[in-house]
2 protein chains.
Amino acid sequence: MTTKNPASGREELSHLIISFYEKISSWEHAVVRGTGLSPAQMHAIEIVGHHEQSLRMKELAEHLGVTTGSLTVMVGRLEQNGFLERRPHESDRRSLLVTLTGKGRKHFKKHHQYHLKLSEDVLAALEPAEQQHFIKALGLIVKRL
Amino acid sequence: MTTKNPASGREELSHLIISFYEKISSWEHAVVRGTGLSPAQMHAIEIVGHHEQSLRMKELAEHLGVTTGSLTVMVGRLEQNGFLERRPHESDRRSLLVTLTGKGRKHFKKHHQYHLKLSEDVLAALEPAEQQHFIKALGLIVKRL
DNA sequence: TCAAACATCTTGACAATCAAAACATCTCCG
DNA sequence: CGGAGATGTTTTGATTGTCAAGATGTTTGA
């Protein structure tokens, strides 16, 4: 009855997407609590950590979806607290490169482990046969969105 | 090669979850732009709209995952801008019930349509045969998380 | 009845964010 | 080559979202 016709599938999916989003959001909040970092700050560290080849402020701002003005204050705080540092760009004197400090890298790695744990929990909800199916489907969706 | 062993599946899924989350987040931002509402405000309206049986401030705060103190200011602004109103609880004089105004309901409905459109776009990335599969899997995941 | 629990609001503080403007630097066209 | 326009960053001023702690009023249960 919930999945018989296309219209109700759409409604159902809409609710599921919202619930999923909210659960991830509060999971992130919980995981980040006690690190002294906000979710937004952790997100910045994640992006820098995943790149590992110093990004410019502009690039990081784009990845985060914020203006460079917002990023200035955020990176300023993260730098003050020793999670990352700004270094001059070798060839473009307008630009600064953002990199993780040792402390920043440590937090990044730990957080990444949490994400892997989350993925495990997600997969645990599915039959082994469904797991690759789901990953593939989500891949298609992310590519399309 | 990316999906052969369980470990890399976990890594892959982790990336996909992050990407999916980010895409939903920026989609929401874009959809809300120009309504005069922030994503957080729209979210509050959505929750009230979906319930439709007036919630108390406390309940709404729990659904949103914020303290009642935070909610006071948020609802205050939404009330000032005519999206919702506070009415005294019939039997508990400590409580206030939050309901949508006509204007609030109008925005709620429009936003809900956007969500349905998003769901459609998500489904469009999959073969018809996969669609119910995906909805079911996401349902299991959300239930488990 | 009255103490404890509860619902809300207020206050004070800070983080996140934007837009717009100020600077410095770079690039490219004439 | 030189200057105009593009680009990258920061600053400033404003708004929103958030919390914790405390104030106020209400309800509940022993």
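Order of the sequence lines fixes the chain letters, A, B, ..., with proteins taken first and strands second; residue numbering starts at 1 for each chain.
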Contact under 4.0 Å: A/S38 side-chain N or O vs C/dA15 OP1/OP2: no
Rounded to whole Å, CZ of A/F83 lies from P of C/dA15 at a distance of 13 Å
Report yes if at least one side-chain N or O of B/R93 is closer than 4.0 Å to OP1 or OP2 of D/dG25; otherwise report no. no
A/H111 pairs by side-chain contact (heavy atoms from CB on, under 4.5 Å) with which of A/M42, A/K106, A/H43? A/M42
Answer with yes or no whether B/R94 presents, from its side chain, a donor or acceptor under 3.5 Å of a partner atom in the base of C/dC6. yes
Give the rounded distance in Å between these two atoms: CG of B/L96 and C1' of C/dA7. 8 Å
Side chain of B/T72, heavy atoms from C-beta onward: which of D/dT9, C/dT10, C/dT17 has the nearest atom to it? C/dT10
Which nucleotide in the list D/dG17, C/dA15, C/dC18 gets nearest to the side chain of A/S70? C/dC18
On DNA chain D, does the nearest nucleotide to B/P39 precede the nearest nucleotide to B/G69 from the 5' side, or the other way round? Give the residue. B/P39
Check the distance between C/dC14's C1' and A/M74's CE and give it to me in whole angstrom. 15 Å
Expressed as a whole number of angstroms, how long is the span from B/E79:CD to C/dT8:C1'? 13 Å
B/Q41 CD to D/dG17 P, in whole Å, measures 4 Å
What distance separates A/R77 CZ from A/T72 OG1, expressed to the nearest 0.5 Å? 11.5 Å
Give a yes/no answer on whether the side chain of B/T68 brings an N or O atom under 4.0 Å of OP1 or OP2 in C/dT8. no
Do any N or O atoms from the side chain of B/S14 and from the backbone of B/R10 form a donor-acceptor pair under 3.5 angstrom? no
Looking across every strand, which nucleic acid part, if any, lies under 4.0 Å from A/R86 by heavy atom: base, sugar-phosphate, or nothing? sugar-phosphate
According to a strict under-4.0 Å criterion, is A/S95 in side-chain N/O contact with OP1 or OP2 of D/dT9? yes
Atom NZ of B/K109 with >12 non-hydrogen neighbours under 6.0 angstrom: no
Whichever of A/H29 and A/R56 has its nearest DNA chain D nucleotide further upstream toward 5': A/R56
Expressed in angstrom and rounded to an integer, what is the separation of A/M57 atom CE from C/dT25 atom P? 17 Å
Starting at CG of B/D92 and ending at C1' of D/dT24, how long is that distance when rounded to a whole Å? 15 Å
Starting at atom CE of B/M42, determine the distance to atom C1' of D/dG17, rounded to an integer number of angstrom. 17 Å
Once the angle between the rings of A/H50 and A/H112 is folded into 0 to 90°, is it parallel (under 30°), tilted (30 to 60°) or perpendicular (over 60°)? perpendicular
